[in-house]
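This report concerns only the one structure given below.
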There are 2 protein chains.
Amino acid sequence: METTGLHLWLVLWKAYQALRCHAERHIHSVGLGFSDFAVLEVLLHKGPAPVNTIGELVHLTSGSITAAIDRLERKSLVARGADPSDRRARVVRLTEAGRALIECAFRDHAAAMEAATGGLSAAERGAAVALLRKLGRSARER
Amino acid sequence: METTGLHLWLVLWKAYQALRCHAERHIHSVGLGFSDFAVLEVLLHKGPAPVNTIGELVHLTSGSITAAIDRLERKSLVARGADPSDRRARVVRLTEAGRALIECAFRDHAAAMEAATGGLSAAERGAAVALLRKLGRSARER
DNA sequence: CGAATTTATCTCCACGTCAAGATAAGTAAT
DNA sequence: ATTACTTATCTTGACGTGGAGATAAATTCG
């Protein structure tokens, strides 16, 4: 078994692409892009938040998150509001339509990921999670 | 330990991003984009190949791979040539400069990945490779 | 208080990607 | 040989992203 860092990286990349492909198929079918889905998901699970806070959570730069919120606002899935404690900030919240959409889409997404990872037993998935978490953490620290 | 498919997907995503961040830093410092690096790497290890064959290997559509080869040709890192057995095809090969660059860049890349995955022991990396390979393969099959 | 710095957001532009369609060359079938 | 189909590549237009810089508000410090 190959244990070089390069090999691990390649295998990780391929696994990522395979899962991402599944994820994208479902998300695309709802008429959303990957980033827009991530933004809605953050809003659903963390509640309203300022633009750049969301950007950091989903790894988008200031320009990109502005564009993403613009897209979602154009579709009436989110709304910008004023932050009473900071007049620079614009707080983003889900609209009714946005909440309905992401709740449904998220359920589908979870089911799709469950199916896509079905090739591994529960024990294997647990082991994979532990290893990947450790790998990600240590890589981020360097 | 969480063993849902969704959780595994999220952890995989984060680990991927952490490693990709390392990879991109090194590749960018050579003046290349991620895809262009992948194209050169294919040419280095598999030898000259037609445009679309390369595109499939690095997962780029016909339009994208054309643009990538254009960029590399503009920098004189690769050259297009005729395929004697198929006049539609354009065979891409490394130039001297291209070979020198990718050989050097690839060594650096391998070293960077070695360092980035250093948080895992050899045994852990072997286990991770086995799990990720299985995961990727089964996800691709569905 | 006023000046300098930081923070939050937005605008603008360049880049890489994809999708769809165009062109040209090879292949198969009648 | 003609027709239809497939394959290899390129072109065009739209989209999402990042980076640099602009603006405005908040914060820090003398």
Side-chain angles (χ1 to χ4, degrees), chain A residues 13 16-17 20-21 23-25 27-43 48-75 77-93, chain B residues 13 16-17 20-21 23-25 27-43 48-75 77-93:
Chain A
W13 189 5
Y16 166 81
Q17 283 191 320
R20 170 150 184 153
C21 187
E24 263 179 347
R25 195 171 13 257
I27 291 170
H28 256 104
S29 74
V30 193
L32 289 175
F34 208 72
S35 292
D36 296 8
F37 178 86
V39 169
L40 292 180
E41 195 272 331
V42 163
L43 290 173
V51 175
N52 279 359
T53 302
I54 302 171
E56 282 161 26
L57 289 171
V58 299
H59 297 100
L60 288 184
T61 58
S62 68
S64 300
I65 187 63
T66 293
I69 304 291
D70 283 349
R71 282 192 297 275
L72 293 169
E73 202 172 28
R74 215 176 305 127
K75 292 182 190 168
L77 298 174
V78 306
R80 284 177 168 97
D83 181 338
S85 70
D86 185 342
R87 276 189 298 168
R88 294 169 303 178
R90 310 276 292 157
V91 174
V92 182
R93 61 171 182 73
Chain B
W13 188 5
Y16 166 80
Q17 283 191 320
R20 171 151 184 152
C21 188
E24 264 179 347
R25 194 170 14 255
I27 291 172
H28 252 107
S29 74
V30 193
L32 289 175
F34 208 73
S35 292
D36 295 9
F37 178 86
V39 169
L40 292 180
E41 194 271 331
V42 163
L43 290 174
V51 175
N52 279 357
T53 302
I54 303 171
E56 280 161 27
L57 288 172
V58 300
H59 296 102
L60 288 184
T61 57
S62 69
S64 300
I65 187 62
T66 293
I69 304 291
D70 283 350
R71 283 191 297 275
L72 293 170
E73 202 172 30
R74 215 176 304 127
K75 292 183 190 166
L77 298 174
V78 306
R80 283 178 167 97
D83 181 337
S85 70
D86 186 340
R87 275 189 298 170
R88 295 168 303 176
R90 310 277 290 157
V91 174
V92 182
R93 59 172 182 76

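Keep in mind that this is a model prediction, so the values were computed, not measured. To find a chain, count down the sequence lines: A is the first, B the second, and so on, and within it residues start at 1. All heavy atoms count here, side chains included; hydrogens, waters and symmetry mates do not.
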With sequence neighbours excluded, residues passing side chain to side chain contact (heavy atoms under 4.5 Å, CB included) with B/Ala79
B/Arg93, B/Thr95
In chain order, what residues pass the side-chain hydrogen bond (donor to acceptor under 3.5 Å, both in side chains) check against B/Ser62, with sequence neighbours excluded?
none
Heavy atoms within less than 4.0 Å of DNA chain D: which residues of residues 60-73 of chain A have one? Give them sorted by number.
A/Leu60, A/Thr61, A/Gly63, A/Ser64, A/Arg71
Not counting sequence neighbours, which residues clear side chain to side chain contact (heavy atoms under 4.5 Å, CB included) with B/Arg25? List them please.
B/Cys21, B/His22
Rounding to an integer number of Å, can you tell me how far B/Ile27 CD1 sits from C/dG16 P?
14 Å
From NE2 of A/His28 across to P of C/dT17 the rounded distance in Å is 16 Å
Atom pairs and distances, side-chain donor-acceptor, residues 50-59 of chain B, under 3.5 Å, sequence neighbours left out:
none

What is the distance, to the nearest angstrom, from the CD atom on B/Glu24 to the C1' atom on C/dG16?
12 Å
Salt bridge (charged side-chain N to carboxylate O under 4.0 Å, His left out) partners of A/Asp86, counting only residues at least two apart:
A/Arg88
Can you list everything that forms a side-chain hydrogen bond (donor to acceptor under 3.5 Å, both in side chains) with B/Arg90? Sequence neighbours excluded, please.
none
Contacts of B/Asp70 meeting salt bridge (charged side-chain N to carboxylate O under 4.0 Å, His left out) (sequence neighbours excluded), chain-then-number -> B/Arg80
Non-neighbouring partners of A/Thr61 that pass side chain to side chain contact (heavy atoms under 4.5 Å, CB included), sequence neighbours left out
A/Ser64
Check nucleotides 2-8 of chain C for protein N or O atoms closer than 3.5 Å to its own N or O atoms and list the pairs.
| from | atom 1 | to | atom 2 | distance (Å) |
| --- | --- | --- | --- | --- |
| C/dT7 | O2 | A/Arg88 | NH1 | 2.4 |

Does any part of the side chain of A/Arg71, heavy atoms only, come nearer than 4.5 Å to the side chain of A/Arg74, both counted from C-beta?
yes
Check every nucleotide of DNA chain D for an atom under 4.0 Å from a heavy-atom of chain A, then give the first and the last such nucleotide from 5' to 3'.
D/dG16 to D/dA26
Which residues pass the side-chain hydrogen bond (donor to acceptor under 3.5 Å, both in side chains) test with B/Ser29, not counting sequence neighbours?
none
